[in-house]
Asks: 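Shown below is the structure under consideration.
Reminder, nothing fancy here: chain letters follow the sequence lines and each chain counts from 1.
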There are 2 protein chains.
Amino acid sequence: MAKAQFDKEQVVDKTLKLFWKQGFYATSMQNVVTETSLKPGSIYLAFGSKEALFKAALEHYAQTNLAQIRQTIDSAQSVGEGICNLLENMIEQAEQTHYCSCFLIKTQLEFASAKGDLYQFASNKLQQVEALFNSYLRYEYDEHQAAEKATSLMLHIFGLRVYGYQTQQLDKVKAGLRQGLPWLPWDNQ
Amino acid sequence: MAKAQFDKEQVVDKTLKLFWKQGFYATSMQNVVTETSLKPGSIYLAFGSKEALFKAALEHYAQTNLAQIRQTIDSAQSVGEGICNLLENMIEQAEQTHYCSCFLIKTQLEFASAKGDLYQFASNKLQQVEALFNSYLRYEYDEHQAAEKATSLMLHIFGLRVYGYQTQQLDKVKAGLRQGLPWLPWDNQ
DNA sequence: ATTATTTTTGAATAATCATTCAAAAAGTAG
DNA sequence: CTACTTTTTGAATGATTATTCAAAAATAAT
């Protein structure tokens, strides 16, 4: 077996689900072994350590998310409508039974005290998301306006990602988003 | 020693700091033993289990927080000004070096997948906070308006508690709060 | 002072944790 | 087919985990 018999991406995807749902510390390598049907040695040869595996999963999540943001906004009639669509997607996610917030936010909170590698990684990715929104908003606003709106948008997304667990009141959350982000084209779609 | 030699509240307070900072899984009972200078047996006799100790710490945190909300609003000129003061306090907390967000939010996120006892506990406490805001807002708004504003406020607080880690851009966060909560008396104080 | 009750002590327990490694297997190259 | 390299296997490792418990110590009750 000079070539690996398993698909590394598939393993990352399966472990992503575990880590996303349960977090780093609550997920054991035994969990990963069971989920992937691999032996410990294979996992360690391919990824090196639990932390490295977690980081690979986080990286994959971040890339997917950034790509989805780009795709949603690019395929919309305007930047504003694209952002509206993104927010509505997030509300739909919160309505699902197995909702588990945002992996980047959860990671940032879990590792904030250590301020180590994974905290910085998650924090940087979140800043990349804000920078991406900022670059899109620059099409329609000046530098200062775009920066302020990008931050306000992130503030609301963070709030929504946490509030998502209180499923009974998501309609009121929608109203809160409308009021908090009045510059978005909420009606015309 | 028919009476305990240590102050139970003081132990709860010390472990609260540990759990708040690091979370449940990242904090070991050995950590608690070291921090409190107690022996394992004493801790288990007094609290029963790690989970029960965590719950006691969380309860203490929630009670303190609810009391502080009441006190801040009661001692302000109006409900709106009280809420403004609370939000400004939270921004100041985020500016501190050892900022560690909100213990209830962190707990909800850490235990969301299990949907067990601690998740429900944290979730309920957060709903109590919203209910408290709601009851205050009823002094100035009708039922529907108060409920909507309370939810919007929680949305912004959740966002702020997460965004707090990005300390460089807290001025933009302030602007986002102003825009998102335009019904608050931001200027006249 | 004596007995009874409760608390402290701190080593012990058994389970689980991340990780390693030598041997076996499976591929590739010549 | 042979020699070589890489991957898989899965038991073993040693550290750490939460928790327990019998013995000792300390207080309270009589």
Asks: Starting the side chain at C-beta, find the nucleotide from D/dT8, C/dT8, D/dT19 nearest to A/Ser42.
Replies: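 Of all the options, the side chain of A/Ser42 is nearest to D/dT8.
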Asks: For the helix from C/dA1-D/dT30 to C/dG30-D/dC1, how many degrees between its two end axes (five pairs per end), to the nearest 10°?
Replies: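 Here the helix ends are tilted 10° relative to one another.
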Asks: Please check the phosphate of C/dT8 (OP1 and OP2 only) for any side-chain N or O of B/Lys39 closer than 4.0 Å.
Replies: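 Negative; the distance criterion is not met.
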Asks: Ring pair (Phe, Tyr, Trp, His ring centres under 6.0 Å) with A/Tyr61: which residues, sequence neighbours excluded?
Replies: A/Trp20, A/Phe103
Asks: Kindly write out the residues that satisfy salt bridge (charged side-chain N to carboxylate O under 4.0 Å, His left out) with A/Arg70, not counting sequence neighbours, or none if the list is empty.
Replies: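 If we apply the salt bridge (charged side-chain N to carboxylate O under 4.0 Å, His left out) test to A/Arg70, skipping adjacent residues, there are no hits.
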Asks: Name every residue in residues 43-51 of chain A that has at least one heavy atom under 4.0 Å from any atom of DNA chain D, in order of residue number, or write none if there are no such residues.
Replies: A/Leu45
Asks: Once you round it to whole Å, what is the distance between C1' of D/dT20 and CG of B/Leu38?
Replies: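 Taking CG of B/Leu38 and C1' of D/dT20, I get 17 Å after rounding.
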Asks: State plainly whether the residues B/Arg178 and B/Asp187 are in salt-bridge range, i.e. N to O under 4.0 Å.
Replies: yes
Asks: Taking side chain to side chain donor-acceptor pair (under 3.5 Å) as the test, write out the residues that go with A/Gln145, two or more places apart.
Replies: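 A/Gln145 satisfies side chain to side chain donor-acceptor pair (under 3.5 Å) with A/Lys149 once adjacent residues are dropped.
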Asks: Who passes side chain to side chain donor-acceptor pair (under 3.5 Å) against B/Tyr165, sequence neighbours left out?
Replies: none
Asks: With the threshold set at under 4.0 Å for non-hydrogen atoms, list the residues of residues 25-32 of chain B touching DNA chain C in residue-number order.
Replies: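 Nothing qualifies; none.
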Asks: The criterion is salt bridge (charged side-chain N to carboxylate O under 4.0 Å, His left out); which residues satisfy it with A/Glu92, sequence neighbours excluded?
Replies: none
Asks: Mind checking what makes side chain to side chain donor-acceptor pair (under 3.5 Å) contact with B/Thr34, not counting sequence neighbours?
Replies: B/Gln30
Asks: How close or far is atom P of D/dT17 from atom CG of B/Leu18, stated in whole angstroms?
Replies: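 Atom-to-atom, B/Leu18 to D/dT17, this comes out as 13 Å.
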Asks: Only distances under 3.5 Å count here; give the side-chain donor-acceptor pairs of residues 152-164 of chain B to other protein atoms, sequence neighbours excluded, each with its distance to 0.1 Å.
Replies:
residue  : atom : partner  : partner atom : Å
B/His156 : ND1  : B/Ser152 : O            : 2.7
B/His156 : NE2  : A/His156 : NE2          : 3.2
B/Arg161 : NH1  : B/Gln93  : OE1          : 3.0
B/Tyr163 : OH   : A/Glu130 : OE1          : 2.3
B/Tyr163 : OH   : A/Glu130 : OE2          : 3.0

Asks: Who passes ring pair (Phe, Tyr, Trp, His ring centres under 6.0 Å) against B/Phe24, sequence neighbours left out?
Replies: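 Ring pair (Phe, Tyr, Trp, His ring centres under 6.0 Å) check on B/Phe24 returns B/Phe54, B/Phe111.
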Asks: What side-chain donor-acceptor pairs closer than 3.5 Å can you find for residues 115-126 of chain B, not counting sequence neighbours?
Replies:
residue  : atom : partner  : partner atom : Å
B/Asp117 : OD2  : B/Lys55  : NZ           : 2.8
B/Ser123 : OG   : A/Gln166 : NE2          : 2.8
B/Ser123 : OG   : B/Gln108 : OE1          : 3.4
B/Asn124 : ND2  : B/Gln120 : O            : 3.3
B/Lys125 : NZ   : B/Glu59  : OE2          : 3.3

